[in-house]
Amino acid sequence: MTVTLYHNPKCSTSRKAVELLQEKGVAFEVIEYLKTGWDAQTLDRLAQKTGVGLKGLLRKREERTGELLESGASDDVIRAAMIEQPVLVERPIVETDKGARIGRPLESVLEVL
């Protein structure tokens, strides 16, 4: 099974996700999305696989998120904002063949292992 962790090493929850996967003996690929950025296909796939849609992938603690949600922004506008500002995407996200989960709470990633 392929396991991918979309990771921000500055985030304590994201670092805990690394530790959890290592404790479980899971081999995984790390993508530091703040360095690599996002593309539309990946965001759409994660939105679908998590079941939360693009709005659900938005990091709630970011000021721009509030602006997007309050304005009733379309998925196209939200996607473009996430591509422009990768920090807008919640972390960590674990993706496998079984689906994808945002690691909040952290234990939710176990559902797709």
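For clarity, every value in this text was computed on a predicted model and none was experimentally measured. Quick note: numbers below take in every heavy atom, side chains included, and nothing from hydrogens, waters or symmetry partners.
Cluster annotation: V3 is not connected to L46 through the hydrophobic network of ILVMFWY side chains, with a link wherever side-chain heavy atoms come within less than 4.5 Å. In the hydrophobic cluster analysis, where Ile, Leu, Val, Met, Phe, Trp and Tyr join through side-chain heavy atoms closer than 4.5 angstrom, V87 is grouped together with V77.
Side-chain contact between S108 and I102 is absent, with no heavy atoms from C-beta onward closer than 4.5 Å. The side-chain heavy atoms of T4 and E29, taken from C-beta on, include a pair separated by under 4.5 Å. The closest side-chain heavy-atom distance from K98 to K49 is not below 4.5 Å. The shortest distance between side-chain heavy atoms of I78 and M82 falls below 4.5 Å. Looking only at side-chain heavy atoms (C-beta outward), T2 and D97 come within less than 4.5 Å of each other. Considering only heavy atoms from C-beta on, E62 stays 4.5 Å or farther from Q85 through its side chain. With contacts defined as side-chain heavy-atom distances shorter than 4.5 Å, the pair L88/L57 does not qualify.
Of the listed residues (V109, L20, I31, V94), just one forms a side-chain contact (heavy atoms from CB on, under 4.5 Å) with L5, and that residue is V94. Among the candidates F28, Y33, W38, the single residue satisfying the ring-ring contact (aromatic ring centres under 6.0 Å, His included) test with Y6 is W38.
Within 6.0 Å of NZ on K10 lie no more than 12 heavy atoms contributed by other residues, nucleotides or ligands.
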